[in-house]
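Encoded as structure tokens, the structure appears first; notes follow it.
Read the numbers this way: they start at 1 and go in the same order the structure lists the ligands and their atoms.
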Amino acid sequence: MPTLLEDLHALLSVQAIDTRIERAKSALNTLDSGADIAAVYNAGKAEFDALRAAMVKAQSEQKDAELKLQSLEEKRTEVEKTLYSGGITASRELDSLNMQLDMLERQRGDFEETVLKAMDFSNVSLKNAQKAEARLLALAEKYKKVRAAYKQQAVKVAADVSEIEKERVGLITGITPTVLGRYDTIRMKRKGIGIALMGTDGACGACHTKLSSNLRDDVLVMKQPMTCEHCGRLLAPPSAA
Ligand SMILES: [Zn+2]
């Protein structure tokens with residue numbers, strides 16, 4: 001069985017290792033995981049979908065207007081053919097055909113305007129959709145790069161952590177299980193720090209509070225593991241360093 005001093009000495013090394021593991025992991029957390037770009041991309045995708053829907057609608061409206069104009073032209077040709085065929089001589093009928101032609105002529109003007117407007121709108125919406133698509137492609141490219149860098153770093157951190165964890169396994173085998181269990185419990189609850197060295201000035205190495213003289217004596221005597229009255233961490237005497 002190791003002595004308490006040996007346990008505390010080993011625990012200080014374990015603490016150093018645990019701190020290294022925490023640091024490696026938190027370094028990974030500060031890296032750009034691409035989440036921000038993904039959010040921008042998703043917003044852009046929604047915008048692009050809306051623009052594309054507007055474009056499809058504009059194109060179908062243009063097609064519609066063109067078809068209407070085309071059928072009006074056909075109607076006009078037909079009326080003209082009848083009018084100039086020479087088959088119709090009654091003035092009332094001729095007047096009626098001429099009136100029809102005038103009306104069709106006016107309608108044609110309106111329809112042509114509608115077609116032009118639809119074409120304009122369709123072109124604008126096409127350009128907008130194309131721009132949005134280009135932005136999306138650029139974002140996707142950027143996301144790919146950021147993710148690749150992140151993954152590469154994550155693999156490196158995982159390898160580092162697994163290497164440090166191997167060291168930890170080697171260290172903890174020699175520690176009394178109950179003492180190690182206590183350290184682990186405190187470490188989980190206290191921001192990753194489970195043990196601290198008591199300074200020669202009698203202060204806790206973690207929270208820097210001056211310890212009572214009774215506690216200082218108990219830490220030095222090492223009959224049992226002692227904890228800081230303020231932060232609750234295990235205390236190791238200066239000789240355990
Ligand atoms: Zn403390």
(message) Suppose you place the vertex at the Zn ion (ligand 1); what is the angle out to Cys231 SG and Cys204 SG, to 10°?
(response) 110°
(request) Decide if atom NZ of Lys210 counts as having more than 12 heavy atoms of other residues, nucleotides or ligands within a radius under 6.0 Å. (result) yes
(request) Kindly compute the distance separating CD (Glu61) from NZ (Lys117), expressed to the nearest 0.5 Å. (result) 12.5 Å
(request) Answer yes or no for His208: is there an N/O/S atom below the 2.8 Å cut-off from the Zn ion (ligand 1)? (result) no
(request) Using a strict 4.0 Å threshold on nitrogen-to-oxygen distance, state whether Glu78 and Lys81 make a salt bridge. (result) no
(request) In plain terms, say whether Arg76 and Glu73 are close enough for a salt bridge, that is, a side-chain N and a carboxylate O under 4.0 Å apart. (result) yes
(request) With the Zn ion (ligand 1) at the centre, find the angle made by SG from Cys207 and SG from Cys228, to 10°. (result) 100°
